[in-house]
There are 2 protein chains.
Amino acid sequence: MVGQVRDQVLHEATRLLARHGFEGTSLQAVADAVGVKKPSVLYHFKSKEDLRQAVLDSLLSRWSEVVPRLLMASTRTGLAKFEAVIGELVGFFADDPDRARILVRELLDRPEQMQEILQRQVRPWVEVVAEYIREGQRTGTVRPDVDPEPYVLHVVSMALFSLATTPAASPLFEGGGRGPVERTVGELVRLAKAALFVDGYVRHQDDKRARQGGAGR
Amino acid sequence: MVGQVRDQVLHEATRLLARHGFEGTSLQAVADAVGVKKPSVLYHFKSKEDLRQAVLDSLLSRWSEVVPRLLMASTRTGLAKFEAVIGELVGFFADDPDRARILVRELLDRPEQMQEILQRQVRPWVEVVAEYIREGQRTGTVRPDVDPEPYVLHVVSMALFSLATTPAASPLFEGGGRGPVERTVGELVRLAKAALFVDGYVRHQDDKRARQGGAGR
DNA sequence: CCTACCGATCGGTAGG
DNA sequence: CCTACCGATCGGTAGG
């Protein structure tokens with residue numbers, strides 16, 4: 001199959017870069033993980049920097065697959081839209097925490113280059129979600145003092161950071177019945193929701209759902 | 001002066017480790033930054049790992065100086081206590097964002113070792129703040145559905161991450177009158193406050209302050 | 001705190 | 001995709 005080794009290199013490089021960072025990952029280590037020799041890695045990616053960029057591009061293109069589902073959430077309103085958006089966000093990093101780890105590392109290692117990349121790849125949908133929030137402020141369901149763009153970035157930060165540092169942050173508290181990750185994500189969603197909607201709105205919606213037979217999850 | 005070079009090494013190492021990470025920082029680079037030769041660095045710190053640990057210990061001991069001020073906030077109540085605690089937290093990382101960068105990097109590079117360190121150095125005051133929150137839940141000023149430990153960790157995450165990635169995350173939105181950092185911190189405080197206190201409590205307190213002549217900052 | 005030096009490993013290339 | 005090889009740099013040591 002064409003590109004099979006290339007895909008394996010990309011996969012193992014993602015894993016190693018997430019765990020040990022760019023400077024902490026040698027091309028030899030990537031080659032060993034795949035089961036080829038080092039020059040074969042450099043046949044598929046002309047330099048180590050090239051491989052780094054390919055890993056990042058692959059990650060961002062996966063995120064691009066999620067975005068349309070965020071935009072489709074336009075048909076929903078209020079709380080349902082919120083839950084759709086935050087579900088996609090948390091799910092993306094929960095599906096593979098290495099995504100969160102690589103993004104955090106790149107943000108620290110190359111802040112200037114990441115500025116451009118975020119501006120192109122992230123800002124558009126931040127603006128879309130910020131516009132949802134402003135719409136909610138006009139209709140009165142969202143708190144008027146929410147500052148939409150920083151709000152969105154803080155919610156993303158919590159998801160990104162919580163999942164990137166799993167399980168390092170876990171032993172800072174002992175779980176009840178649920179595991180630490182579930183408890184962390186649960187509180188993240190509660191926190192984001194309580195800070196966004198006006199008093200009584202969420203409770204009102206919950207009551208409505210209960211009357212309708214508890215369709216919400 | 002005794003230990004002057006040692007202190008310079010510690011200072012430059014902190015700067016370089018924050019910017020480039022452990023694997024991305026050579027002992028030669030540290031020596032050059034201080035203006036000594038490489039073996040002199042290894043005279044003060046017997047290995048590169050030793051230097052890393054000294055940098056981390058120095059950072060944590062600075063945090064230990066802040067903690068008593070958090071505990072002293074016990075005398076205050078409700079909103080004033082919240083503002084004292086979050087002010088110390090944000091101030092610590094805002095004073096030197098390299099602190100945030102090093103903590104994030106160490107969390108990614110050595111999750112297991114950091115677990116033990118956090119358990120010893122961070123968990124105690126997380127528990128204290130969590131107890132403040134439970135107290136507020138008993139007296140009815142804090143929302144009953146707040147999960148105290150994950151709440152505290154998420155607020156810490158936002159402060160840590162926002163300041164670690166300054167200014168990389170800035171161009172994701174254009175500021176109003178204020179700069180992006182002020183806007184980010186302002187929304188962080190608003191978000192944390194709105195997600196913590198029960199409906200009406202904050203507004204009630206603000207009204208009281210206004211009547212008393214606007215003493216709040 | 002310095003000079004001189006060590007073996008190991010780094011990213012990358014030539015050539016097949 | 002491999003063998004063989006390159007100069008540069010790595011963390012660390014001996015000895016003063």
Side-chain angles (χ1 to χ4, degrees), chain A residues 1-59 98 101-102 105-106 108-110 112-114, chain B residues 1-59 98 101-102 105-106 108-110 112-114:
Chain A
M1 297 304 167
V2 161
Q4 196 172 329
V5 168
R6 195 193 137 95
D7 288 349
Q8 285 178 57
V9 170
L10 209 52
H11 179 259
E12 295 299 334
T14 300
R15 216 184 103 258
L16 289 165
L17 290 175
R19 276 164 183 62
H20 309 296
F22 182 75
E23 304 288 351
T25 302
S26 65
L27 291 175
Q28 188 64 62
V30 175
D32 290 348
V34 175
V36 296
K37 298 298 177 181
K38 193 175 62 173
S40 302
V41 173
L42 287 162
Y43 167 77
H44 291 290
F45 302 92
K46 71 181 176 196
S47 71
K48 196 186 175 187
E49 280 291 347
D50 206 65
L51 177 57
R52 159 189 238 165
Q53 194 59 45
V55 166
L56 185 59
D57 288 346
S58 156
L59 193 163
D98 283 348
R101 296 184 186 115
I102 284 180
R105 285 188 183 278
E106 290 293 309
L108 291 172
D109 287 350
R110 311 191 290 169
E112 300 85 4
Q113 296 90 320
M114 285 302 281
Chain B
M1 298 304 165
V2 161
Q4 198 172 329
V5 169
R6 194 193 138 97
D7 287 349
Q8 285 178 56
V9 169
L10 209 52
H11 179 258
E12 295 299 335
T14 301
R15 216 185 103 258
L16 288 165
L17 289 176
R19 276 164 184 61
H20 309 296
F22 181 75
E23 304 287 352
T25 302
S26 64
L27 291 175
Q28 187 66 61
V30 175
D32 290 348
V34 176
V36 295
K37 299 297 178 182
K38 193 175 62 172
S40 302
V41 173
L42 287 162
Y43 167 77
H44 291 289
F45 302 92
K46 70 180 179 198
S47 71
K48 196 186 176 188
E49 281 290 347
D50 205 64
L51 177 56
R52 159 189 240 166
Q53 194 60 45
V55 166
L56 186 59
D57 288 346
S58 157
L59 193 164
D98 283 347
R101 295 184 187 114
I102 284 179
R105 286 189 184 277
E106 289 293 308
L108 291 172
D109 286 350
R110 311 191 292 169
E112 300 85 4
Q113 296 91 320
M114 285 302 280

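Below, chains carry the letters A, B, ... as their sequence lines are ordered, and counting in each starts from 1. In this text, all values refer to a predicted model and were calculated from it rather than measured experimentally. Any value given below was found using the heavy atoms of this structure, including those in side chains, with hydrogens, waters and symmetry copies removed.
- For the pair A:Val5 and A:Ser40, the minimum side-chain heavy-atom distance is 4.5 Å or more.
- To the nearest 0.5 Å, atoms CZ (A:Arg110) and CZ (A:Arg105) are separated by 13.5 Å.
- Within residues 21-32 of chain B, the residues that place at least one heavy atom under 4.0 Å from DNA chain D are, in residue-number order, B:Thr25, B:Ser26, B:Leu27, B:Gln28.
- Separation of atoms OG1 (A:Thr14) and CG (A:Leu56) is listed at 10.0 Å; rounding is to 0.5 Å.
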For nucleotides 13-16 of chain D, which of its nitrogen or oxygen atoms have a protein nitrogen or oxygen under 3.5 Å away, and what is each distance?
none

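- Side-chain N/O atoms of A:Lys48 include one lying less than 4.0 angstrom from OP1 or OP2 on C:dG11.
- The nearest whole Å value for the distance from the CZ atom in B:Phe45 to the P atom in C:dC1 is 11 Å.
- The salt bridge (Lys or Arg N to Asp or Glu O under 4.0 Å) pairs that include a residue from residues 46-59 of chain A are A:Glu49-A:Arg52, A:Arg52-A:Glu106, A:Arg52-A:Asp109, where partners are two or more places apart or lie in different chains.
- Distance CZ (A:Arg52) to P (C:dG11): 12 Å, rounded to an integer number of Å.
- With pairs defined as Watson-Crick or G-U wobble and both atom distances under 3.5 Å, the stems of at least three pairs that touch DNA chain C come out as C:1-16 with D:1-16.
- Listed by chain and residue number, A:Glu23 satisfy the side-chain contact (heavy atoms from CB on, under 4.5 Å) test with B:Glu23 (two or more places apart in sequence, or in another chain).
- If you run side-chain contact (heavy atoms from CB on, under 4.5 Å) between B:Val55 and each of B:Leu17, B:Leu16, B:Val9, only B:Leu17 comes through.
- A 4.5 Å side-chain heavy-atom check between A:Asp98 and A:Arg19 finds at least one atom pair inside the cut-off.
- Every residue two or more places apart in sequence or in another chain was checked for a salt bridge (Lys or Arg N to Asp or Glu O under 4.0 Å) with A:Glu112, and none qualifies.
- Two residues are said to be in side-chain contact when any heavy atoms from C-beta on lie closer than 4.5 Å; A:Val34 and A:Val41 fail this criterion.
- In this structure, B:Phe45 and B:Leu27 have side chains that are not in contact, with every pair of non-hydrogen atoms separated by 4.5 Å or more.
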